[in-house]
Amino acid sequence: MNKTLKIVSWNINSVRLRINMVLDFLQLHQADILCLQEIKCETDLFPYDAFKQAGYENCYVIGQKSYNGVAIISKIPLTHINIANVTGDQDGARFISANLPSGVVLKNYYIPAGGDIADETENVKFKHKMDFVRSLCDTATPNIPQIILGDFNIAPYEHDVWSHKQLLEVGSHTPQEVYLLNNFKQAGDFCDIARHFHDASQKVYSWWSYRSKDWQKSNRGRRLDHIWCSNSLKDSIKNFDIYQDYRNHERPSDHVPIAIEYAL
DNA sequence: ATGGTTGGGGGCCAA
């Protein structure tokens with residue numbers, strides 16, 4: 001057994017299209033557990049064999065056609081697999097959890113993007129997003145040690161976006177979304193691991209739009225992807241990484257992988 | 001304020 005587990009979160013935006021990139025990443029960075037969002041395929045069409053051949057024999061998947069879909073891919077067997085919807089059938093495949101050997105619960109979320117228009121009466125997708133996060137607040141379990149991660153589609157801090165002022169009314173950075181996300185963080189007694197390692201004055205992004213001629217030059221990024229842990233586990237988190245170079249890969253996802261090292 | 005690009009799947013919707 002390793003003394004640490006390397007746990008990765010990555011919105012892959014089609015796992016079948018980018019399977020080779022993912023396998024290269026796993027080998028190069030020696031990840032133990034990979035949590036994917038937006039796999040964009042049905043459960044049966046997930047590339048199980050490719051992961052198994054790479055040494056990841058334990059794949060837990062909830063997919064759907066064309067949209068959404070999440071998975072946990074692991075070198076070690078996990079237990080207590082749970083795919084319960086957060087707010088009901090409307091969610092799509094946006095949640096999967098499993099227990100680590102230490103008993104800590106690992107939860108992988110793909111929170112709805114919700115669109116740009118941050119108005120729950122004008123935009124049903126935004127209402128779905130807000131309902132999703134409200135439901136997370138209402139069902140938080142602060143006494144259960146856990147690591148939660150995924151594409152939260154909310155960038156809470158000023159320096160989680162390229163322009164705080166210009167994005168204040170744009171979905172992902174509005175005060176009402178940040179308020180709800182902070183409620184969830186308090187209700188669950190969570191630590192935002194990226195901000196544990198990088199103070200609030202530093203720009204930290206995990207996503208850059210495809211709609212930019214030169215993403216690196218303009219650097220109009222957002223920190224939409226997160227890894228949180230129970231505050232009681234904070235001292236067990238030994239490292240946090242963002243693999244920004246994967247945004248420069250041929251045919252990249254618009255999100256890059258983020259990772260922690262968790263000491264068992 | 002707008003527009004810009006990508007993926008799935010074969011329309012256009014979602015991001």
Side-chain angles (χ1 to χ4, degrees), chain A residues 9-23 25 35-47 50 61-71 85-95 108-120 122-133 149-156 160-174 177-178 181 205-226 244-258:
Chain A
S9 175
W10 197 357
N11 178 321
I12 198 60
N13 187 16
S14 174
V15 67
R16 288 178 294 175
L17 183 66
R18 289 185 240 286
I19 182 64
N20 289 330
M21 189 192 323
V22 174
L23 295 176
F25 173 87
C35 298
L36 294 173
Q37 304 88 35
E38 276 206 276
I39 61 173
K40 285 188 171 174
C41 69
E42 288 174 295
T43 305
D44 292 346
L45 297 177
F46 189 82
V61 180
I62 175 69
Q64 77 182 70
K65 192 175 181 179
S66 303
Y67 306 110
N68 312 321
V70 290
N85 282 342
V86 173
T87 66
D89 293 340
Q90 62 169 342
D91 280 346
R94 296 180 177 275
F95 171 73
N108 178 13
Y109 290 104
Y110 176 42
I111 295 179
D116 286 347
I117 298 166
D119 185 315
E120 294 191 61
E122 287 182 17
N123 177 0
V124 294
K125 289 186 289 184
F126 190 74
K127 182 178 190 309
H128 180 209
K129 179 183 202 172
M130 296 292 272
D131 285 342
F132 196 102
V133 183
L149 53 74
D151 179 1
F152 291 3
N153 270 312
I154 299 175
D160 290 343
V161 295
W162 62 275
S163 171
H164 175 63
K165 283 184 182 171
Q166 285 177 259
L167 292 174
L168 264 176
E169 294 181 12
V170 178
S172 78
H173 191 61
T174 63
E177 289 165 272
V178 173
L181 192 68
Y205 308 144
S206 65
W207 171 89
W208 292 261
S209 172
Y210 286 126
R211 308 172 194 180
S212 160
K213 278 178 185 163
D214 186 338
W215 73 276
Q216 224 156 6
K217 188 179 172 191
S218 57
N219 196 25
R220 293 186 169 187
R222 304 180 197 176
R223 187 169 73 98
L224 302 178
D225 303 275
H226 300 269
Q244 195 171 314
D245 50 320
Y246 276 78
R247 190 62 180 77
N248 267 339
H249 201 280
E250 191 182 347
R251 299 199 82 177
S253 170
D254 43 356
H255 298 253
V256 298
I258 62 175

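Order of the sequence lines fixes the chain letters, A, B, ..., with proteins taken first and strands second; residue numbering starts at 1 for each chain. No hydrogens, no waters, no symmetry mates; every other heavy atom, side chains included, goes into these values.
In this structure, S212(A) reaches neither bases nor backbone, as no heavy-atom distance under 4.0 Å exists between it and the strands shown. If you check every strand for non-hydrogen atoms under 4.0 Å, R247(A) touches nothing. Contact annotation for K213(A): no contact, since no heavy-atom pair falls under 4.0 Å across all strands.
Between the C1' atoms of dA15(B) and dG3(B), the separation comes to 15 Å (whole Å). dC13(B) sits 16 Å from dG9(B) when the P atoms are compared, rounded to a whole Å. Distance noted for atom C1' between dG10(B) and dA14(B): 16 Å (whole Å). Distance noted for atom P between dC12(B) and dT2(B): 24 Å (whole Å).
Separation of atoms CG (L167(A)) and CG (D116(A)) is listed at 9.0 Å; rounding is to 0.5 Å.
Atom CG of L168(A) is separated from atom C1' of dA1(B) by 16 Å (rounded to the nearest Å). For the pair K65(A) NZ and dC13(B) P, the interatomic distance rounds to 16 Å; values are reported in whole Å. Following rounding to the nearest Å, D116(A) (CG) and dG4(B) (C1') show an atom-to-atom distance of 12 Å. If you take CD1 of I12(A) and P of dA15(B), they are 17 Å apart, rounded to a whole angstrom. With rounding to whole Å, R251(A) atom CZ is found 4 Å from dG7(B) atom P. The CH2 atom of W162(A) sits 16 Å away from the P atom of dG4(B) (whole-angstrom rounding). One atom, NE2 of H255(A), and another, C1' of dG7(B), lie 12 Å apart when rounded to the nearest Å. Spacing between atom CD of E169(A) and atom P of dA1(B) amounts to 8 Å, rounded to whole angstrom units.
Taking the six-membered ring for Trp and thresholds of 30 and 60 degrees, H128(A) and F132(A) have ring planes more than 60 degrees apart, a perpendicular arrangement.
Residue F95(A) forms a side chain to side chain contact (heavy atoms under 4.5 Å, CB included) with just one option from N108(A), T87(A), V86(A), and that option is V86(A). A side chain to side chain contact (heavy atoms under 4.5 Å, CB included) with I111(A) is found for one member of V133(A), D151(A), L224(A) and no other, namely V133(A).
Between R220(A) and R94(A), the residue whose closest nucleotide on DNA chain B is further toward the 5' end is R220(A). Comparing D254(A) and Y210(A) along DNA chain B, the residue whose closest nucleotide (by nearest heavy atom) sits nearer the 5' end is Y210(A).
Of all heavy-atom pairs spanning I12(A) and S253(A), the tightest one is O-CB, 3.6 Å.
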